Each structure stands twice: as structure tokens, then as C-alpha cells.
Amino acid sequence: SDYRIINVHRHCDSPSIDAVKAELEVLDRTGVDAVVVLDGGTADGKLPAWIALRDKFPGRLIVFGNLPWGRSKQADFFQNLPREIADQHR
């Protein structure tokens, strides 16, 4: 095909190399080129593990980080958002 087929709505709580390998095998059999992980987590949570998996499978995983909404009641939540976003892009 002239176009890449991408699963753009995927959720997975825990990054796991075995689960990603199994999923990529299914994607290969069904003609799907890549998957978008919408819940990659925060810089101090599971995001680093998702980024490591993305790096192991270039072009196959597109990872989005999340803002730490569970901390929204903390007084410094909005003050810390720029740092969180910067940390996610390192």
C-alpha cells in the first residue's frame, strides 16, 4: 500500500517487551504498520519504559506521555507542568 496503516487508539497500562512483541506479530499478520500508545505515562512513571520500547522497535510505536492529573489538587501542580513537559521531551 502507498499509505501506512496505524492503530491510533491503543491503551496498555504496563509497558512489557513480551506484550509488545506479541502485538507486533499480530500487527504484521494484519497489515498494520504502527501503533499509537495514548497512555505512555509521566516522566517519573512508566514513560521511560515506553520510550525504551519505542527505541527497540523504531517506527512501530508512537508514544504519547500524559500529564500527572492525579496531582492536580497539589498546590504546585500548574507550576510543575512545564518541567513535566520538558522532562517528557528529553
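Because the structure is a prediction, the values reported are computed rather than measured. Quick note: residue numbers are just sequence positions, from 1.
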Is any side-chain heavy atom of Y3 less than 4.5 Å from a side-chain heavy atom of I5?
no
What distance do E23 atom CD and S16 atom OG have between them, rounded to the nearest 0.5 Å?
10.5 Å
Residues joined to W69 in its hydrophobic cluster, side chain to side chain under 4.5 Å directly or through other members, sorted by chain and number, are L67, F77, F78, L81, I85
Closest non-hydrogen atoms of W50 and G40, given as atom of the first, atom of the second and distance, are CD1-O, 3.4 Å
Kindly indicate, with the supporting measurements, whether the criterion side-chain contact (heavy atoms from CB on, under 4.5 Å) is fulfilled by T42 and L47.
CA-CA 5 Å; T42 59; L47 185 60; 5.8 Å; no
Please say yes or no: joined through hydrophobic side-chain contacts below 4.5 Å, possibly via intermediate residues, are L61 and L38 part of one cluster?
no
How many angstroms lie between atom CG of N80 and atom CZ of R71, to the nearest 0.5 angstrom?
8.5 Å
For P48, side chain to side chain contact (heavy atoms under 4.5 Å, CB included) partners two or more places apart:
none
For R83, which residues count as a salt bridge (charged side-chain N to carboxylate O under 4.0 Å, His left out) partner, sequence neighbours excluded?
none
Residue pairs, two or more places apart or on separate chains, that pass side chain to side chain donor-acceptor pair (under 3.5 Å) and touch residues 52-62
D28-R60
Minimum heavy-atom separation for A34 to G59, with atom names?
CB-O, 3.4 Å
Residue list, ring-ring contact (aromatic ring centres under 6.0 Å, His included) with H89, at least two apart or on another chain
none
Which residues satisfy the salt bridge (charged side-chain N to carboxylate O under 4.0 Å, His left out) test with D87, sequence neighbours excluded?
R90
Can you confirm whether N7 sits close enough to V36 that some side-chain heavy atom of one is under 4.5 Å from a side-chain heavy atom of the other?
no
Would you please test L53 and I17 for side-chain contact (heavy atoms from CB on, under 4.5 Å) and show each step?
CA-CA 7 Å; L53 287 170; I17 192 161; 3.8 Å; yes
